[in-house]
Trainee: 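My questions will all concern the structure given below.
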Amino acid sequence: MAVDACRQAIEDAGLDRDDVDGMCTYQVNDSAQPVDVAWAMGLDELAWANSMASGGNLVADQIQTAAAVIEAGMCKSVIVYRSLNGRSGYRLGSVEGPMQVDGPFQFDAPSGFMVPPQWFAMWARRHQHLYGSTSEDLGQIATTFRKHATANPHAFRREPLTMDDYLAGRWIAEPFRVYDCTTEVDGAVAILITSEAVAANCKQPPVWLVASENSQSGAWWDQWPDVSQMYASVVGPRLWKKSGLTPADMDVACMYDCFTFTVMATMEGFGFCEQGGVGEFFASGRATYGGDVVVNPHGGLLSEGYIHGLNHHYEAALQLRGAAGSRQVSDASLALVSAGGCASGGANIYSRERP
Amino acid sequence: MTSTVQVPPQPVVDPESKPFWEALRDGRLVWCRCAECGSWQSYPMERCRACAGATRFVPVSGRGVIYSFVVVRQQLVPGRSVPYVMALVELDDGERLRVPGIINAEPKQVAVGSRVQFSPRQRHDDYYPPVEFDLA
């Protein structure tokens, strides 16, 4: 899948495989390594091959780093890809035989508290305590994304989801129901990053990286001051200051949504609304077509599927090219793409026009 | 081990964490603290992350407040049947001294802000238990 996605990205750009001399990826579960993917594509070597061990917190950073590698003259073009057998292969939370946990997470092992939905639910509960956010607020996020996904042939889940369906969903780790959790899929995404000079001769109009801001922390799941807020409250103000843009400038926002609450905390952190206001923001139509900003027009990780957040960058590129078909956001010119959870993550701003 | 089915997931005990686990198996809750500046360490560390001073494990009161909690309703691992309450507790012993643990109470009795007391239940020579609290 990784090789297929990379080949399609190169073909889409109108380049040859030899134009690509750098590749990078990230993983917490299964993966295909850059040198292996390059070899399978028929490339004998890469000038830069990087594989980082971590999750969604790295997605924006990977693309920013690829851009920096090109600007530094280390590579002509870099492919950032993510490929995983998230459904048929390694599933987070699957347990076979006696289980042992090392490092900072060892302290929760005997409690059976060891998978992401449990951590994110813990932060969501704190948010409910501080701001009075509700199950229905989380449900607004899940149902809005599902509605968007109905127009996306790539989406894994396209059947309608009502608020009643959401509320009737089985509990996973209360306050999370099954519909608060992403859909695990097998899939791959490849994003090709290149220089302005190369892009000028490509088949497709380029999508421009305007700004990227990231924050990576060793606070793990419980040690940053306020767990009701995530990395976005740190990254958001930096990103807007750096870019000179504001949330109101965004036409599209592809918000990392491993869980519904991730969207809630990061929409607040990036300044789309006040703490506790996300449920109303979605309920009043401000997060969909005709509103302030279309959030996850592809249905997000919740409904399109979990390709570890790199599918959000693919969707942003489609929207900014005007190539999103029946789910096209009209006149989309700027997109925010976020990824991460806890105190670690980042976001990129992409533009249709040269910044 | 008597039965692998009943054994909860286990820590890979390392030199930094060993005193914590040995005390817990003995029914005592200890936490890592700087011997020089007094800072509580978030995770056991050989040197203080604030001042680089030497650290040691010291007993804590085990009294605190529920900072947040979840009700685990999907069985994930052996060792405990669902539903059960897993909380992040802020101990009275220090500012933001957060200890995760199981709350031995009915889910409906538990709220953010509930006072709790460390209360070891499981003793087993062959494996390490979770941190457990009762409502105070």
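In what follows, every heavy atom counts, from backbone to side chain, and hydrogens, waters and symmetry copies are set aside. Chain identifiers are assigned alphabetically (A, B, ...) following the order of the sequence lines, protein sequences preceding nucleic acid strands; residue numbering begins at 1 within each chain.
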Trainee: Over 60° means perpendicular and under 30° means parallel, so classify the ring planes of B:F20 and A:F107, tilted if in between.
Mentor: perpendicular

Trainee: Provide the closest heavy-atom pair for B:Y43 versus A:W221 in the form atom of the first, atom of the second, distance.
Mentor: OH-N, 4.4 Å

Trainee: For A:E159, does the CD atom have more than 12 heavy-atom neighbours from other residues, nucleotides or ligands under 6.0 Å away?
Mentor: yes

Trainee: Give, as side chain, backbone, both or neither, the part of A:A219 having an atom under 4.5 angstrom from any heavy atom of chain B.
Mentor: backbone

Trainee: Go through the atoms of A:W119 and report whether side chain, backbone, both or neither lie under 4.5 Å from a heavy atom of chain B.
Mentor: neither

Trainee: Is there a side-chain contact between B:I102 and A:F113 in this structure, where contact means two heavy atoms from C-beta onward sitting under 4.5 Å apart?
Mentor: no

Trainee: Given that the side chain runs from C-beta out, which part of A:V227 has a heavy atom under 4.5 Å from chain B: side chain, backbone, both or neither?
Mentor: both

Trainee: So, for B:V112 and A:R125, which heavy atoms are closest and what is the spacing to 0.1 Å?
Mentor: CG2-CG, 4.0 Å

Trainee: Between B:Y84 and A:S111, is there a donor-acceptor pair closer than 3.5 Å when you use the side chain of the first and the backbone of the second?
Mentor: yes

Trainee: Find the one option among B:P107, B:P44, B:A111 whose heavy-atom pairs under 4.5 Å with chain A are most numerous.
Mentor: B:P44

Trainee: Can you tell me which of A:G112, A:G103, A:P110 forms the most heavy-atom pairs within a distance under 4.5 Å of chain B?
Mentor: A:P110

Trainee: Are more than 12 heavy atoms, taken from residues, nucleotides or ligands other than B:R115, located less than 6.0 Å from that residue's CZ atom?
Mentor: yes

Trainee: Tell me, side chain or backbone of A:D222 under 4.5 Å from chain B's heavy atoms, or both, or neither?
Mentor: both

Trainee: Could you tell me whether a side-chain N or O of B:Y67 sits under 3.5 Å from a main-chain N or O of A:R126, the two making a donor and an acceptor?
Mentor: no

Trainee: Quick one: are A:V115 and B:L76 in side-chain contact, heavy atoms under 4.5 Å?
Mentor: yes

Trainee: Do you know which two heavy atoms are closest between A:W224 and B:R98, and how far apart they sit?
Mentor: O-NH1, 2.8 Å

Trainee: For B:E106, does the CD atom sit with more than 12 other heavy atoms under 6.0 Å from it, leaving out its own atoms?
Mentor: no

Trainee: May I ask you to name which of B:G113, B:S17, B:P11 has the most heavy-atom pairs under 4.5 Å with chain A?
Mentor: B:P11

Trainee: Shorter than 4.5 Å, heavy atoms on both sides: which option in A:A173, A:P225, A:A121, A:S228 has the most such pairs with chain B?
Mentor: A:P225

Trainee: Do A:Q100 and B:V12 make a side-chain contact, defined as non-hydrogen atoms from C-beta onward lying under 4.5 Å apart?
Mentor: yes

Trainee: Verify side-chain contact (heavy atoms from CB on, under 4.5 Å) between A:M99 and B:Q10, making sure each step is shown before the conclusion.
Mentor: CA-CA 6 Å; A:M99 192 173 210; B:Q10 289 293 286; over 6 Å; no

Trainee: Is A:E274 atom CD crowded by more than 12 heavy atoms from other residues, nucleotides or ligands, each under 6.0 Å away?
Mentor: no

Trainee: Tell me yes or no: between the side chains of A:R170 and B:Q74, is some donor less than 3.5 Å from an acceptor?
Mentor: yes

Trainee: Does B:R73 use its side chain to pair, donor to acceptor, with the backbone of A:E174 at less than 3.5 Å?
Mentor: no

Trainee: So if I apply the side-chain contact (heavy atoms from CB on, under 4.5 Å) rule between B:S68 and each of A:M122, A:H129, A:Q128, which one comes out positive?
Mentor: A:M122

Trainee: Tell me if the CD atom of B:Q117 is crowded by more than 12 foreign heavy atoms within 6.0 Å.
Mentor: yes

Trainee: Any idea which of B:V72, B:V82, B:L88 has the most non-hydrogen atom pairs under 4.5 angstrom with chain A?
Mentor: B:L88

